[in-house]
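Remarks on the structure that follows.
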Amino acid sequence: MSGKSSWRSPAAAGHYAGHDLADFAQEFLRRNPDYQHDFAATEERIAAQPGRADQEREGLAGRWGLSFPLRPRPASIMQPGYLGPRPECRHGHSRRP
């Protein structure tokens, strides 16, 4: 590490204590470049053919092994459960809400 806190430090462990495995899986997936590309391509297909939105999103979920036990709601990037990639800041890092 570069002198900043390590993910192995007790302070970092306390920060992540409230997260479950699904939270970590969601963050891992959100940062996966292949998933980001597939998500963007899916959104482009939906924009071109809005009537196929459900099929396209189900296809994306199936390709990535995602299942949602609750009915989907519109999500913004600031809400938990948003699975799209975070926008890049001007330094090339993903923004955290």
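- For the atom pair Asp34 CG and Gln36 CD, the distance stands at 9.0 Å (nearest 0.5 Å).
- Using a cutoff of 4.0 Å between basic side-chain nitrogens and carboxylate oxygens, Arg57 and Glu43 are scored as salt-bridged.
- The CZ atom of Arg52 sits 9.5 Å away from atom CD1 of Ile46, with the distance rounded to the nearest 0.5 Å.
- A distance of 4.0 Å separates CG in Asp23 from CG in Asp20, rounded to the nearest 0.5 Å.
- Rounding to the nearest 0.5 angstrom, the gap separating the CD atom in Gln26 from the CG atom in Leu21 is 12.5 Å.
- Of the residues Arg63, Glu56, His37, the one that meets the side chain to side chain donor-acceptor pair (under 3.5 Å) test with Thr42 is Arg63.
- One distance of note links CD of Glu27 with CG of Asn32; it measures 12.5 Å at 0.5 Å rounding.
- Looking at every heavy atom in both residues, Trp64 comes nearest to Leu29 through CE3-CD1, 3.5 Å.
- Listed here is the closest heavy atom pair of Gln55 and Gly51: OE1-O, 3.7 Å.
- Atom NE2 of His19 sits about 6.0 Å away from atom CZ of Phe24, to the nearest 0.5 Å.
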